[in-house]
Every structure is written in structure tokens, then in C-alpha cells.
Amino acid sequence: MGPTSLAQKLPEAFYTRPDVVTIARELLGKHLCTRFDGVLTRGLVVETEAYSGTRDAACHAHLGRRTKRTEIMYHQGGVAYVYLIYGIYSLFNVVTNAEGTADAVLIRAIEPLEGIEEMRLRRNLAKIEPRLTAGPGLLTQALGISTQHTGASLTGSEIWFEDRGLEVPEQDILEGPRVGVAYAGADALLPWRFRLKGSRWVSKANPKYQV
DNA sequence: TCACCGATGGACT
DNA sequence: GTCCATCGGTGAC
């Protein structure tokens, strides 16, 4: 097996599994890639959060809510859910589980690995620093993802994940409560935020939530 | 380093 | 009119 064959695009079967928390953990160490207008960008996923459909008070689909915005969450796993937050930022989520369920994984931070100069230009930064991709509203800018990509297939040619053979040991995964969901009552305490231990590319906002 | 606050628009009441 | 799964600039220390 040669080096180039080590990059395997995650198949639809990865996303259609029922346990969104497991998928959120397993996305750590995978590579998130985009190719728009021939420009390839790629980064290592270092921070995720799980949102568990209609039973999760922090999830946009809580209690079965269906709107034009959230409808895509009920799609079969393997598509993107991208929404606008605070009128400015696009947040990128991976829809998981079967048709009719509304689970999703928010990608909160990546370590830039390929197309870094393009990311820097898109972010309008003078140098390479964590502000490039360390935050859910930042990495979408760097990768060129916006709300127009909601519904996009993750097994197509514009946005996808790759497994490049990195094994993440259990002890290298930090767990903690999700960010910015205090309104969710008891569900705000669920330890459904996952980070790669030791990474300088995890999000810096909300230091009081740091585990 | 840290706290505060404005930006900005769509979803929802 | 109010609320956001956020970020960056500002100013105090």
C-alpha cells in the first residue's frame, strides 16, 4: 500500500450510524477537506460537539422542530448542515444517523495542513496563527464554507472527510460541556464536546468552559 | 491577560 | 422585538 492510498474518503456508512456521540469522537483526527473552484484546502479535526436530535435541548431540532433551516437535519447522515449565527458566521455541521432523525456534529476547530496560504487570504490575516481556524466561525471562512453549502453531500467532490490512518488514543481525547448552550438547562452539562489533547488549534473562546 | 460589547441577519414569538 | 452552537476590537490592568 503506497502513501497516496492511505487517504480514504469517509463513506456514507460512517455517517449513518446511530450514535452521534461516537461519531463526534471518531471525527477527531480525521481530515476535513474542501475543493472549491479547484482550490484544495485540508485540516485535521481537533474539536467537535455532538447534538442529539429531538431529545437534546441544545439541538436546533429539539422536540421535533422543523423549519426551512433545520429540515436538512432530518436527512439521512452524510450531508452538511450549515447555518448563520449572529448574522455573520457560518457554522458547519455533519448530519448523522438515519432519515427522520436529526443528529449532527458541529466541527469547532481544525489544524490547517494544506492550502494554508489560501486559508490565510480568505481570513485576511497577516500571518499563520490559531485565529486562522481555531473556532467554528473561523474554520468555515478558511475553508470557504458558507450557508449556501447546507445540504451538500459529504461523499461528493466539494466537502468531504478523509481517514489518513491517524489513531487517536482514548487518553488523548478531552471531554467537556458544549459551548454557548446554557439555555439548554440540564442538557448544557452533557460532556459532548471533544478536543484533541495538546493541540494549539482548539477554540480559544469561552475559557471558563476549558476542562 | 481579561472583561466587555457591538456587529449583523435569519428564525421564531 | 428577542434570541442566538461567535468573533474581534477596545480599554483597563
Side-chain angles (χ1 to χ4, degrees), chain A residues 20-21 23-25 27-28 32 43 45-75 77 79-97 101-110 112 119-151 154 159 174-195 200-211:
Chain A
V20 68
V21 175
I23 295 174
R25 296 179 71 104
L27 280 172
L28 291 181
L32 173 56
V45 178
V46 298
E47 182 173 339
T48 64
E49 283 177 357
Y51 287 84
S52 187
T54 59
R55 64 182 174 161
D56 175 5
C59 183
H60 290 165
H62 183 48
L63 302 181
R65 187 167 45 172
R66 280 181 186 259
T67 66
K68 185 178 179 186
R69 180 180 69 155
T70 63
E71 186 63 31
I72 194 64
M73 298 187 78
Y74 294 86
H75 193 278
V79 297
Y81 168 43
V82 187
Y83 69 93
L84 193 69
I85 188 70
Y86 298 109
I88 307 175
Y89 302 103
S90 297
L91 268 55
F92 170 69
N93 299 253
V94 176
V95 173
T96 71
N97 210 336
T101 64
D103 299 351
V105 177
L106 171 66
I107 306 300
R108 288 193 53 87
I110 64 172
M119 295 189 204
R120 188 187 67 78
L121 292 171
R122 286 169 174 165
R123 292 278 298 115
N124 195 27
L125 292 178
K127 62 188 181 78
I128 307 304
E129 56 183 312
R131 278 199 305 151
L132 189 64
T133 57
L138 304 184
L139 71 91
T140 49
Q141 276 185 22
L143 295 180
I145 297 172
S146 65
T147 54
Q148 67 177 327
H149 299 112
T150 198
L154 300 179
I159 309 173
L174 299 177
E175 299 180 358
R178 295 171 291 181
V179 175
V181 296
Y183 60 85
D187 286 346
L189 303 177
L190 293 168
W192 285 357
R193 176 189 184 207
F194 304 102
R195 285 172 294 152
R200 66 185 287 253
W201 295 96
V202 297
S203 67
K204 302 300 186 295
N206 300 280
K208 66 180 178 180
Y209 291 114
Q210 299 288 329
V211 179

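All heavy atoms count here, side chains included; hydrogens, waters and symmetry mates do not. We name chains A, B, ... by the order of the sequence lines, and we start the count at 1 in each one.
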Nearest to the side chain of [X], heavy atoms from C-beta on, is which of [options]?
{"X": "T67(A)", "options": "dA11(B), dT6(C), dA5(C)", "value": "dA11(B)"}
{"X": "P136(A)", "options": "dG9(C), dC7(C), dC12(B)", "value": "dC7(C)"}
{"X": "Y89(A)", "options": "dG9(B), dA5(C), dT6(C)", "value": "dT6(C)"}

Among R178(A), R108(A), K204(A), which one satisfies salt bridge (Lys or Arg N to Asp or Glu O under 4.0 Å) with E47(A)?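 Filter result, single survivor: R108(A).
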Distance check: side-chain N/O of [X] vs OP1/OP2 of [N], anything under 4.0 Å?
{"X": "R123(A)", "N": "dG8(C)", "value": "yes"}
{"X": "S203(A)", "N": "dT6(C)", "value": "no"}
{"X": "Y183(A)", "N": "dA5(C)", "value": "yes"}
{"X": "H60(A)", "N": "dA5(C)", "value": "yes"}
{"X": "R69(A)", "N": "dC12(B)", "value": "no"}

Output the rounded distance in Å from [atom1] ([X]) to [atom2] ([N]).
{"X": "Y81(A)", "N": "dA11(B)", "atom1": "OH", "atom2": "P", "answer": "9 Å"}
{"X": "I88(A)", "N": "dT6(C)", "atom1": "CD1", "atom2": "P", "answer": "12 Å"}
{"X": "R66(A)", "N": "dC12(B)", "atom1": "CZ", "atom2": "P", "answer": "13 Å"}
{"X": "H62(A)", "N": "dA11(B)", "atom1": "NE2", "atom2": "P", "answer": "20 Å"}
{"X": "L132(A)", "N": "dT6(C)", "atom1": "CG", "atom2": "P", "answer": "19 Å"}
{"X": "E129(A)", "N": "dC7(C)", "atom1": "CD", "atom2": "P", "answer": "14 Å"}
{"X": "Q141(A)", "N": "dA7(B)", "atom1": "CD", "atom2": "C1'", "answer": "13 Å"}
{"X": "Y86(A)", "N": "dT8(B)", "atom1": "OH", "atom2": "C1'", "answer": "12 Å"}

Classify the side chain of Y83(A) versus the base of dA5(C) as yes if they form a donor-acceptor pair under 3.5 Å and no if they do not.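 Answer yes: a donor N or O sits under 3.5 Å from an acceptor.
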Hey, is the main chain of [Y] close enough, under 3.5 Å, to the side chain of [X] for a donor-acceptor pair?
{"X": "R200(A)", "Y": "P130(A)", "value": "no"}
{"X": "K127(A)", "Y": "L125(A)", "value": "no"}
{"X": "R123(A)", "Y": "R131(A)", "value": "yes"}
{"X": "T150(A)", "Y": "V82(A)", "value": "yes"}
{"X": "H149(A)", "Y": "S146(A)", "value": "yes"}

Would you check if L143(A) and I110(A) make a side-chain contact, meaning some heavy-atom pair closer than 4.5 Å? yes
Indicate yes or no: at least one non-hydrogen side-chain atom of V94(A) is less than 4.5 angstrom from one of I23(A). no
With a non-hydrogen cut-off below 4.0 angstrom, is G87(A) in contact with a base, only sugar-phosphate, or nothing?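 Here G87(A) touches the bases of the nucleic acid.
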For DNA chain C, list all stems, counting runs of three or more consecutive pairs where every pair is Watson-Crick or G-U wobble with both distances under 3.5 Å.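 So far as stems of 3 or more pairs are concerned, DNA chain C shows B:1-7 with C:6-12, B:9-12 with C:1-4.
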